[in-house]
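Here's the structure, in structure tokens; my notes come after.
All values below come from the heavy atoms of this structure, side chains included, with hydrogens, waters and symmetry mates left out. Predicted model, so just to flag it, every value in this text is computed and none were measured.
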Amino acid sequence: MDAVTALGPLPTPGREPDVLDARELYRFFRSGDEETRALRGVTLGVGRGETVAVVGPSGSGKSTLLACLAGLDEPAGGAVYVDGVRISHRPEAERARLRARRIGVLLQSGNLLAHLDVTANIRLARAAAPGRPAERVGELLDRVGLDRRARALPRELSGGELARAGLAVALANAPDVLLADEPTGELDGHSEARILDLLRTEARTGRAVLIVTHSPAALRIADRTIELRDGRIRE
Ligand code: ADP
């Protein structure tokens, strides 16, 4: 085990350590004789209050990176820390427990169960992180503008409402880190602006927000943009 893995991330003196801290991530996929090097030494950090956009052409490794940051996938090399706690290189159940408590994930495919209404979806996410301090479901729905849709099923929601309901689920356990994969890909301009505004507001409350996106509007609200090319960060 190297020093970084053993001791956790070393903060830069005079600067608060990044709440999301990924060091030298590698991830390879093999099928037969073919090897795809999806991530080749990606290092990045996102501080509290910061919104970072990740861009790159199709196949550059964005989804693989997001999955490794969320603890949904394991990097072959390197490590991911959230608020100083290593989330990578742990059994899947432990990663799931850490993710439930510390990371909100907003996936393009949606993160709502179809047969549960909005409130039940939020309660289900809460059940995965017992004891985690959380605001009332009504307040959370109010914050994302869905106070009148608490009992609606996902199929009864508009595209914009669905995205905001997904955000409410991602925020259910007051995560330190919010990761979003193309959160506005399917939305009209008005709904997109609303989601981006909400993401920005969440960052300002002290979360670290990372958005994989192609949207010019999302790039405009980001404090920083990281560009991936062939599994590496393009400087
Ligand atoms: P992006 O999200 O930027 O489009 P991905 O992270 O999906 O890129 O993919 C990066 C590379 O890894 C691509 O070449 C892709 O084909 C490959 N890849 C991703 N997931 C798998 C997998 N499960 N099996 C094999 N190859 C994969």
Side-chain angles (χ1 to χ4, degrees), residues 19-20 46-52 66 69-72 82-83 85 87 95-188 190-213 217-218 221-222:
V19 65
L20 175 63
V46 186
R48 286 193 189 282
E50 209 181 10
T51 303
V52 169
L66 197 97
L69 295 177
L72 291 164
V82 173
D83 206 15
V85 176
I87 183 160
R95 281 189 273 132
R97 192 178 59 80
L98 284 167
R99 182 170 55 252
R101 303 179 78 81
R102 293 174 174 272
I103 305 175
V105 187
L106 188 53
L107 295 175
Q108 199 178 13
S109 54
N111 47 349
L112 300 170
L113 290 186
H115 64 285
L116 296 180
D117 68 25
V118 174
T119 299
N121 266 287
I122 293 170
R123 294 225 163 99
L124 182 68
R126 292 244 159 114
R132 181 90 180 155
E135 67 197 308
R136 287 180 32 237
V137 171
E139 281 168 20
L140 179 55
L141 287 177
D142 207 23
R143 210 137 55 81
V144 299
L146 285 178
D147 38 314
R148 301 212 296 213
R149 306 299 270 143
R151 291 294 167 193
L153 289 169
R155 66 167 178 274
E156 296 167 336
L157 300 175
S158 70
E161 286 174 335
L162 207 51
R164 283 181 280 129
L167 179 59
V169 168
L171 293 172
N173 297 314
D176 299 307
V177 171
L178 189 55
L179 303 173
D181 190 7
E182 291 279 2
T184 64
E186 311 276 305
L187 301 182
D188 62 71
H190 174 73
S191 301
E192 170 171 50
R194 200 156 174 196
I195 277 284
L196 292 175
D197 195 41
L198 286 166
L199 289 171
R200 194 91 182 92
T201 304
E202 288 303 324
R204 291 214 177 98
T205 68
R207 302 188 213 289
V209 176
L210 182 139
I211 311 173
V212 169
T213 188
I221 65 119

Would you check if the side chain of Asn121 reaches a backbone N or O of Leu113 as a donor-acceptor pair within less than 3.5 Å? yes
Treating Asn173 as the side-chain partner and Ala100 as the backbone partner, does any N or O pair qualify as donor plus acceptor under 3.5 Å? yes
Ignoring hydrogens and angles, tell me if any N or O in the side chain of Arg207 forms a donor-acceptor pair with the backbone of Leu178 under 3.5 Å. no
Between Arg151 and Val118, does the side-chain contact (heavy atoms from CB on, under 4.5 Å) criterion hold? Intermediate values first, please. CA-CA 6 Å; Arg151 291 294 167 193; Val118 174; over 6 Å; no
Please say whether more than 12 non-hydrogen atoms of neighbouring residues, nucleotides or ligands are located less than 6.0 Å from CD in Glu186. no
Full working for side-chain contact (heavy atoms from CB on, under 4.5 Å) between Val177 and Leu69: CA-CA 10 Å; Val177 171; Leu69 295 177; over 6 Å; no
Leu106/Asn111 under side-chain contact (heavy atoms from CB on, under 4.5 Å): CA gap, chis, key distance, verdict: CA-CA 7 Å; Leu106 188 53; Asn111 47 349; 4.0 Å; yes
Between Arg164 and Ile195, is there a side-chain heavy-atom distance shorter than 4.5 Å? yes
Tell me whether Arg200 contacts the main-chain N or O of Ile221 through its side chain, where contact means a donor paired with an acceptor under 3.5 Å. yes
From CA spacing to verdict: side-chain contact (heavy atoms from CB on, under 4.5 Å), Arg99, Leu72: CA-CA 9 Å; Arg99 182 170 55 252; Leu72 291 164; 3.5 Å; yes
Within-4.5 Å side-chain heavy-atom neighbours: Ile87 and Ile103: yes
State, with a plain yes or no, whether a side-chain heavy atom of Arg101 is found less than 4.5 Å away from one of Val85. no
In Å, rounded to the nearest 0.5 Å, how long is the span from CZ of Arg155 to CG of Leu162? 12.5 Å
Does the Arg126 side chain pair with the main chain of Ala172, one donor and one acceptor, at a distance under 3.5 Å? yes
Show the nearest heavy-atom pair for residues Ala168 and Val144, with the distance to one decimal. CB-CG2, 4.0 Å
Shortest non-hydrogen contact between Arg95 and Gly71, atoms and distance: NH1-O, 2.9 Å
Side-chain donor/acceptor of Arg102 to backbone N/O of Asp83, under 3.5 Å: no
Of the non-hydrogen atoms in Leu199 and Pro183, which two are nearest, and what is the gap between them? CD1-CG, 4.1 Å
Any donor-acceptor pair under 3.5 Å from Arg149 side chain to Glu156 backbone: yes
So, does Thr184 use its side chain to make a donor-acceptor pair with the main chain of Leu187 at under 3.5 Å? no
Give a yes or no answer on whether the side chain of Asp176 reaches the backbone of Val82 with a donor-acceptor pair at less than 3.5 Å. no
Atom CD in Glu139, atom CG in Asp147: separation rounded to 0.5 Å? 11.5 Å
Of the non-hydrogen atoms in Ser191 and Asp188, which two are nearest, and what is the gap between them? N-OD1, 2.9 Å
Quick one: does any side-chain atom of Thr51 pair with a main-chain N or O of Val209 as donor and acceptor, under 3.5 Å? no
Identify the heavy atoms of Val19 and Ala208 that sit nearest to each other, and give their distance. CG1-CB, 3.1 Å
Taking atom CG of Leu124 and atom OG1 of Thr119, what is their separation to the nearest 0.5 Å? 12.5 Å
Report the distance from atom CZ of Arg143 to atom OG1 of Thr201, rounding to the nearest 0.5 Å. 9.0 Å
How close do Leu157 and Ala152 get, counting heavy atoms only, and between which atoms? CD2-CB, 3.7 Å
